[in-house]
Amino acid sequence: MKKEKDSGQLFSEEIILAPPARFDFFSTIHAHGWIDLPPFTRLDGRAGFARVDALPSGAVVRLEVSAPGGYPCKEIHVEAVSDRPLDDGGRERVAAMAARMLRLDEDFSEFHALCRRRGEPWRRFARGQGRLLRCPTVFEDLVKVICTTNIQWSGTRRMLAGLVEAFGAPAPRGLWQKLFPLPRVIARASLEDFSARVRLGYRAPYIHALAGEAAAGRLDEESWLDKRLPAGELKKKLLSIKGIGAYAAASMLMLLGRYGEIPADSEFRKWMGEKYFPGEMFDLQKALAVYQDWGRWQGLAYWLEMTHG
DNA sequence: TTCCAGGGGTAGA
DNA sequence: TCTACCCATGGA
């Protein structure tokens with residue numbers, strides 16, 4: 001980590017993170033659509049993203065995450081611009097937030113070994129692929145996943161932009177962006193007000209209720225990152241949330257680092273029809289069976305194959 | 001205008 | 001457990 005001098009009212013410093021071996025920065029940030037959902041924004045002219053978040057200290061930080069050079073990534077640059085100087089705790093928090101979003105501590109060696117063993121075309125995924133960009137909080141990922149259900153991607157983007165605009169705290173002057181809404185801010189609004197201010201359709205009561213549970217501490221959703229929690233138990237917790245069904249639970253499991261289930265949505269059915277069952281009738285069970293021998297990696301195997309043609 | 005999306009909840013069988 | 005029906009919104 002290295003410090004830089006402050007610039008007027010804002011304080012900027014750059015934190016350098018060392019990625020794990022064979023880390024593919026570009027594929028991680030573009031692995032699914034999250035980089036296009038506010039408060040994530042793409043950087044102009046180079047691979048990377050920016051967003052504004054609050055630290056536990058109350059400091060508001062705009063993170064700009066990028067990586068020079070191509071694959072394999074040698075270092076990750078996190079430029080942190082804040083309304084106050086960061087102390088050691090703040091710097092550690094920023095580094096941890098970036099590492100979490102990029103999943104730097106997640107081990108994909110077993111999956112990559114499977115890809116190598118299978119040869120082409122799977123071998124290409126052993127070049128550090130498999131990481132899906134995620135949000136700094138489980139709550140934000142939950143809300144976003146709910147906003148992908150029964151809607152086109154353009155609708156998902158519209159809803160998240162509306163949610164951040166209506167309920168996100170404004171960043172201090174110069175940081176130009178709003179933060180992702182805190183659960184308690186959403187929960188504080190009446191359902192009627194919440195529904196009227198963001199066009200979420202029938203998802204509004206689900207997200208409002210979810211925010212209420214999270215704000216009251218009854219959800220304990222951050223504990224779901226604990227790898228000791230059995231995947232089956234985690235799935236039950238997810239399915240108990242209104243608005244989260246089989247597809248959304250499988251998506252959340254992947255974001256939580258569990259890849260044993262496939263998010264079987266309309267995209268999945270379309271892809272399977274084109275790739276594995278052209279001109280054939282097939283049901284969901286038959287389609288899911290295609291990836292069954294990937295075991296606890298089947299969700300990732302499907303996602304990478306589908307997104308890479 | 002109608003259909004449907006990166007589905008899910010609920011009632012009734 | 002399975003099915004039918006309903007759910008709000010906006011793009012195509």
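To find a chain, count down the sequence lines: A is the first, B the second, and so on, and within it residues start at 1.
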Could you tell me if the ring centre of [X] sits under 6.0 Å from that of [Y]?
{"X": "Y71(A)", "Y": "F25(A)", "value": "no"}
{"X": "Y259(A)", "Y": "W294(A)", "value": "no"}
{"X": "W271(A)", "Y": "W303(A)", "value": "no"}

Could you tell me how far [M] sits from [N] if I compare only their [atom1] atoms? Round to whole Å.
{"N": "dT3(C)", "M": "dG6(B)", "atom1": "P", "answer": "24 Å"}
{"N": "dG7(B)", "M": "dC3(B)", "atom1": "C1'", "answer": "16 Å"}
{"N": "dG11(C)", "M": "dG8(B)", "atom1": "P", "answer": "22 Å"}

What is the distance, rounded to the nearest whole Å, between atom [atom1] of [X] and atom [atom2] of [N]?
{"X": "R199(A)", "N": "dG11(C)", "atom1": "CZ", "atom2": "C1'", "value": "15 Å"}
{"X": "D36(A)", "N": "dG6(B)", "atom1": "CG", "atom2": "C1'", "value": "14 Å"}
{"X": "L210(A)", "N": "dG8(B)", "atom1": "CG", "atom2": "P", "value": "14 Å"}
{"X": "E261(A)", "N": "dG7(B)", "atom1": "CD", "atom2": "P", "value": "17 Å"}
{"X": "R203(A)", "N": "dC6(C)", "atom1": "CZ", "atom2": "C1'", "value": "14 Å"}
{"X": "M272(A)", "N": "dG6(B)", "atom1": "CE", "atom2": "P", "value": "18 Å"}
{"X": "I241(A)", "N": "dT10(B)", "atom1": "CD1", "atom2": "P", "value": "14 Å"}
{"X": "L191(A)", "N": "dA8(C)", "atom1": "CG", "atom2": "P", "value": "12 Å"}

So, OP1 or OP2 of dA8(C): does either fall under 4.0 Å of a side-chain N or O from S195(A)?
no
When we call it a touch if two heavy atoms are under 4.0 Å apart, what does A248(A) touch: a base, just sugar-phosphate, or nothing?
sugar-phosphate
Heavy atoms under 4.0 Å, any strand shown: does Y206(A) hit a base, just sugar-phosphate, or nothing?
sugar-phosphate
Between H208(A) (side chain only) and A189(A) (backbone N and O only), is there a donor and an acceptor less than 3.5 Å apart?
yes
Do the side chain of Y202(A) and the base of dG7(B) come within less than 3.5 angstrom through a donor-acceptor pair of N or O atoms?
yes
5'-most by nearest nucleotide on DNA chain B - W303(A) or G243(A)
W303(A)
Apply side-chain hydrogen bond (donor to acceptor under 3.5 Å, both in side chains) to S223(A) and D226(A), showing your working.
CA-CA 6 Å; S223(A) 72; D226(A) 189 341; over 6 Å; no
Near DNA chain C, under 4.0 Å by heavy atom, which residues of residues 136-162 of chain A?
N150(A), I151(A), Q152(A), S154(A), R158(A)
Going by atom types only, do T137(A) and E222(A) share a side-chain donor-acceptor pair under 3.5 Å?
no
Less than 3.5 Å apart, any donor N or O on the side chain of E75(A) or H77(A) sitting next to an acceptor on the other?
yes
